[in-house]
Amino acid sequence: METTKTVADEIPPMKKGQLNVYKPSDIKRWGVERFLEATAVHDPFLLEFPEFTDEENRRMDELLAEGDRGTV
């Protein structure tokens, strides 16, 4: 016999532009997988910054690539 436990306790959503603090006891109560699914960012990260010049964006891309290789 399989049972499914449903938790009525809602996870407060992340608020854009604001610090969000979740207590470890709350995360444990909700379950890590459920917590990450509810709070993870699903939108792609914009890697081009409009206030940067083309040269600054190119240099930032180079630095990010170096960081991915572990050389920075």
Side-chain angles (χ1 to χ4, degrees):
M1 183 166 97
E2 187 176 319
T3 60
T4 304
K5 181 180 176 184
T6 59
V7 180
D9 194 9
E10 292 295 319
I11 299 172
M14 298 287 283
K15 296 176 184 164
K16 197 171 189 171
Q18 182 179 355
L19 288 177
N20 295 284
V21 179
Y22 297 98
K23 292 188 267 182
S25 59
D26 290 335
I27 296 170
K28 190 174 185 179
R29 184 179 73 240
W30 297 321
V32 174
E33 285 186 40
R34 180 174 171 234
F35 171 76
L36 291 175
E37 182 62 35
T39 58
V41 176
H42 299 287
D43 300 327
F45 179 71
L46 175 64
L47 290 176
E48 201 166 295
F49 300 93
E51 63 272 7
F52 284 9
T53 65
D54 289 339
E55 176 60 26
E56 288 170 325
N57 273 318
R58 186 192 59 74
R59 181 65 182 135
M60 180 65 76
D61 289 340
E62 289 174 4
L63 290 172
L64 289 171
E66 286 177 26
D68 289 343
R69 290 190 302 267
T71 58
V72 173

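Sequential numbering from 1 along the given sequence is applied to the chain's residues.
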Calculate, to the nearest 0.5 Å, the distance between atoms CD and CG belonging to Glu66 and Asp61 respectively.
11.5 Å
Which residues share a side chain to side chain donor-acceptor pair (under 3.5 Å) with Glu56, sequence neighbours left out:
Thr53
Which distance, rounded to the nearest 0.5 Å, do you find between the CG of Asn57 and the CZ of Phe52?
7.0 Å
Residue list, side chain to side chain contact (heavy atoms under 4.5 Å, CB included) with Pro24, at least two apart or on another chain:
none
Taking side chain to side chain contact (heavy atoms under 4.5 Å, CB included) as the definition, give me every residue that meets it alongside Lys28, ordered by chain and number, with sequence neighbours left out.
none
Listed partners of Leu36 passing side chain to side chain contact (heavy atoms under 4.5 Å, CB included), at least two apart:
Val32
Sequence neighbours left out, what passes salt bridge (charged side-chain N to carboxylate O under 4.0 Å, His left out) with Glu33? Give chain and number order.
none
Tell me whether the rings of Trp30 and Phe35 are parallel (<30°), tilted (30 to 60°) or perpendicular (>60°).
parallel
Who pairs with Arg58 by side chain to side chain donor-acceptor pair (under 3.5 Å), at least two apart in sequence or on another chain?
Glu55, Glu62
Hey, what do you get for CD1 (Ile11) to CZ (Arg29), rounding to the nearest 0.5 Å?
9.0 Å
Might you point out which heavy atoms bring Asp9 and Arg34 nearest each other, and give the distance in Å?
O-NH2, 2.7 Å
